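Please read these numbers as outputs of a predicted model, since none were measured by experiment.
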Amino acid sequence: MSEAEPGSANSAETATKAPQLSRELTEFLVELSVAMHKHAIYPAGHPLLRQSVDAVHHSLLALLQDRPALSIGVARRQLIIEGVATGAVHPLLGELAGKLHRHHIGAVKFLRGLSRDELSEALGTVGVEPQMGERPLGLQPELLETLWTNVKLFPLLYDRLELLDDEEEPATGGRAAGAQDGIAAQLWVGLARAAIAADQGPDRDTPMDPENVASAIDEHDREPAYDQAIVGYLLQIAHEVRHDDTPVAASAGLKRRISKLVGALKPDTLRRLLEMGGDGMQRRKFVLDAAQGMSVDAVVELVQAAATAEGQTISHSLVRMLTKLASHASADVSLRSQAADGAFREHVERLVGSWSLDDPNPLAYSAALEQMSRNGADGSTQHGEWRFPCEPSRVIAMALEIGVEGESVTRAVRTSIEAESFSELLDLLDAAPTHREATVKYLWKHIAAADPLSALLASPRLDHTLIRRVVARTGASAAHALLCALDVSPEGARRERLIGYLSSLGEDVAPEVAARLSQASPSLARDLMAALARLAPRTLPMEARAFLTHADPALRREAAKLLLAYEETRESAMLVAVRDDDERVMYAGLLAAQERCSSLTASTIRQRMERGEITDSASLVAAVRAIGNRTDDLTLDWLLRRTLVSGGLLRRPRLAATTPDLLATLSVLAARWADDARAGPVLELARKSPSPTVRAAVQVGGRPTMDRERKP
């Protein structure tokens, strides 16, 4: 942090501008507020409710694509999401914060995998205001733990707090003072609830002094939603103590309590809270507000913690100077101490407002100066390792230009990977001259030895551009790193992308994929089985056969799809699939039977249909078409029995009720038995039917189709 000259007023004003939420997060919060409002005024099942739930669910799916969860902290008038507080004057977001606060909810957390039905139920429950005589949701923690799986509500259970310190005097000043007293008390109550209730539950004997609140924050296990709520109250309190002009005791008590709280927090905890999701503008605004309202000792603590979170450095001399000035400011109540107090706060404000101007040089020039200061011009060693006098990328570019190899080049490759300039290295290799292919292969050999793909796959946020380039270049050798990453990857978009990379490697990696099946969890084994189906190896992996009878129906379904694609296992897999109790496994077998169906398989399907074990319309149609592949008399008699019923005054046979499987049966008869006298009466009834759907079913078939299907 620069200590030369404090910044101008313009820089301070820039630092105090409110940070902005991203467009995606803002739209999501607005849609969430609108959906909750609609659930409060419209009855269940109303079309507007379905539209609002769809909008919120769509936004959530997009936001959770790159996040395992999304946490929202709830303050009295604001929401805090990813370290940024919403504007207190925003009508929709203020209404949403107020509704959640009235439910005594301190934070909301949405997890990846949230279904639309679960979201709809949560909106319907939280969107309705608590009625008179009913307990808010936050006062029923046991109920909240059992409501939903992927929507977590964090209650504020502490319901008996002392609003004011014992030593505070009663507020005076009429209505304005009373209102201010209420604001100060509510803010402290909210912060204490968020800090203590999450860990200790509704313990009515816990002292509510600032030291206990600070201890609860220090000892918490750092749930993101918890930090969101704490940061939200700190932002509101800092704003309140700065912009409070009413000389009432409650505001003084709030300043005293929050100052004690900041002083009691551990430095690491204070720094973590001040990181605020990486939003430097939000952080500087908070420190500037605190500098005008909190005690001078607390301000010194905040400045040091904020500087660490900002990545700035404050010299020990400057800290000593600020501490000395703070001691003069807090010594007594004389005019001298008041002047010192004002000077201290002014210097802190100017310092924080200008510390982003620490380096006026261009970034490239600063980087060059930094490297020159660290690397010796003569290629000396540092900590026993060779340091290059020029950039590794320049060494590699020269190697590709003149076609040289050696220790210096390999060290440059390793340094580029470790310095996170891997993308630049790949660009150099892609742009290499065609006559330097030998040098490119040499470099790729050493890149593969460094295994950069494992490091890329272990990153919390995948760089898909780099991963795609490395996988495309390394080919089948990338399978091991991808499989290791899949072992620790949860279900979701991340795993789907990894499976996609694995499937692009070709059938050579099929044995390695199949070898992982026995050790994988059921969900991962299902995805690996799907990857094997996409790889389509010429020889079926033996490991896949055992999963056709696995306890997990989803895994059986993937195994059936894979085994049905190979001639040596097609017939046995088809027979097992059509006997399966899971409709989707059975449907996979029925689809395969439509192409070629043995007599045993056809008999099994007929028996299941006659026992009423096949009920789904799509499965019934597939079953009829599978049996219709058989051209024997038994099949014809069975099909005719399914089409006719007797009834009416003259007891004449007539067509059965029009269903999808009846239409499929008529289509099969018209296609395969149009010239058979036994099928003639049924087809004639269908052609004369008043239903256009029935008439169309028998017109689809006919002699050309029949002849075409009877060809060997």
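Here the closest heavy-atom approach between residue Ala656 and residue Arg642 is recorded as CB-O, 4.0 Å. Nearest heavy atom pair, residue Ala623 against residue Ile605, reads CB-CG2, 3.6 Å. Closest approach of Ala536 and Tyr566 over heavy atoms only: C-OH, 3.8 Å. Summarising the geometry of Arg608 relative to Arg579, their closest heavy-atom pair is NH1-C, 3.3 Å, with the distance given to 0.1 Å. For Arg672 against Thr631, the heavy-atom pair with the smallest separation is NH1-CG2, 3.8 Å. Listed here is the closest heavy atom pair of Leu453 and Ala481: CD2-CB, 3.9 Å.
Distance check, rounded to the nearest 0.5 Å: CG of Leu532 to NZ of Lys561 gives 14.0 Å. Considering OG1 of Thr569 and CG of Leu564, their distance stands at 7.0 Å, rounded to 0.5 Å. A distance of 11.5 Å separates OG of Ser477 from CG of Asp508, quoted to the nearest 0.5 Å. With rounding to the nearest 0.5 angstrom, the CZ atom of Arg494 is 12.5 Å from the CD atom of Gln65. Between the CG atom of Asp676 and the CG atom of Asp633 there is a distance of 7.5 Å, given to the nearest 0.5 Å. Taking CD1 from Ile105 and NZ from Lys152, the interatomic distance works out to 14.0 Å, rounded to the nearest 0.5 Å.
A salt bridge links Arg116 with Asp54; the closest basic N to acidic carboxylate O contact falls under 4.0 Å. Ion pairing between Glu684 and Lys688 holds under the 4.0 Å rule for side-chain N and carboxylate O. Using a cut-off of 4.0 Å between Lys/Arg side-chain N and Asp/Glu carboxylate O, Asp552 and Arg526 are scored as not salt-bridged. The pair Glu567-Arg570 does not meet the salt-bridge criterion, since no charged nitrogen lies less than 4.0 angstrom from a carboxylate oxygen.
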**Item:** Derivation of the side-chain contact (heavy atoms from CB on, under 4.5 Å) call for Val108 and Ser71
**Value:** CA-CA 6 Å; Val108 182; Ser71 299; over 6 Å; no
**Request:** Evaluate side-chain contact (heavy atoms from CB on, under 4.5 Å) for Thr665 paired with Val682, printing each intermediate quantity in order.
**Result:** CA-CA 11 Å; Thr665 304; Val682 173; over 6 Å; no
**Prompt:** When you look at Thr659 and Asp661, which way does the side-chain hydrogen bond (donor to acceptor under 3.5 Å, both in side chains) test go after all the steps?
**Reply:** CA-CA 5 Å; Thr659 58; Asp661 53 304; 2.8 Å; yes
**Tyr587 and Asp582: CA distance, side-chain angles, deciding distance, side-chain contact (heavy atoms from CB on, under 4.5 Å) verdict** = CA-CA 9 Å; Tyr587 187 68; Asp582 184 80; over 6 Å; no
**Message:** Please evaluate residues Arg461 and Asp66 with respect to the criterion salt bridge (charged side-chain N to carboxylate O under 4.0 Å, His left out), reporting the C-alpha separation (whole Å), side-chain torsions for both, the decisive distance (0.1 Å), and the verdict.
**Reply:** CA-CA 7 Å; Arg461 188 164 184 172; Asp66 297 324; 3.5 Å; yes
**Message:** Between Glu24 and Ser59, is the side-chain hydrogen bond (donor to acceptor under 3.5 Å, both in side chains) condition met? List the steps.
**Reply:** CA-CA 8 Å; Glu24 293 82 2; Ser59 298; over 6 Å; no
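In this structure a side-chain-to-backbone donor-acceptor pair under 3.5 Å is present from Thr474 to Val470. Panel note: side chain Arg584, backbone Arg557; no donor-acceptor pair is recorded below 3.5 Å. Using a distance-only test at 3.5 Å, with no hydrogens or angles considered, no donor-acceptor pair links the side chain of His103 to the main chain of Gly98. No donor-acceptor pair closer than 3.5 Å links the side chain of Ser459 to the backbone N or O of Leu456. Under a 3.5 Å cut-off, the side chain of Glu507 and the backbone N or O of Arg538 do form a donor-acceptor pair. With Glu491 contributing its side chain and Ser523 its backbone, the two residues share no donor-acceptor pair below 3.5 Å. When atom types are taken as modelled, the side chain of Asn629 and the backbone of Gln594 share a donor-acceptor pair closer than 3.5 angstrom. Checking side-chain atoms of Arg556 against main-chain N and O of His550 turns up a donor-acceptor pair under 3.5 Å. Side-chain N or O atoms of His39 include none that pairs as donor or acceptor with a backbone N or O of Val128 at under 3.5 Å.
Defined by atom type and a distance below 3.5 Å, a donor-acceptor pair is missing between the side-chain atoms of Ser619 and Glu583. In this model, no donor atom of one side chain and acceptor atom of the other lie less than 3.5 Å apart for Arg112 and Asn150. There is no side-chain donor-acceptor pair under 3.5 Å between Glu95 and Ser33. Side chains of Asp632 and Thr635: a donor-acceptor N/O pair is present below 3.5 angstrom, by distance only. No donor-acceptor contact under 3.5 angstrom links the side chains of Thr601 and Thr604, judged on distance only.
For CZ of Arg611, the number of neighbouring non-hydrogen atoms (other residues, nucleotides, ligands) closer than 6.0 Å is greater than 12.
Checking each of Leu486, Leu482, Asp463, Val488 against Leu457 for a side chain to side chain contact (heavy atoms under 4.5 Å, CB included) leaves exactly one that passes, namely Leu482.
Between Arg606 and Leu634, some side-chain heavy-atom pair lies under the 4.5 Å cut-off.
Ring geometry for Phe28 versus Phe110: interplanar angle over 60°, hence perpendicular rather than tilted (30 to 60°).
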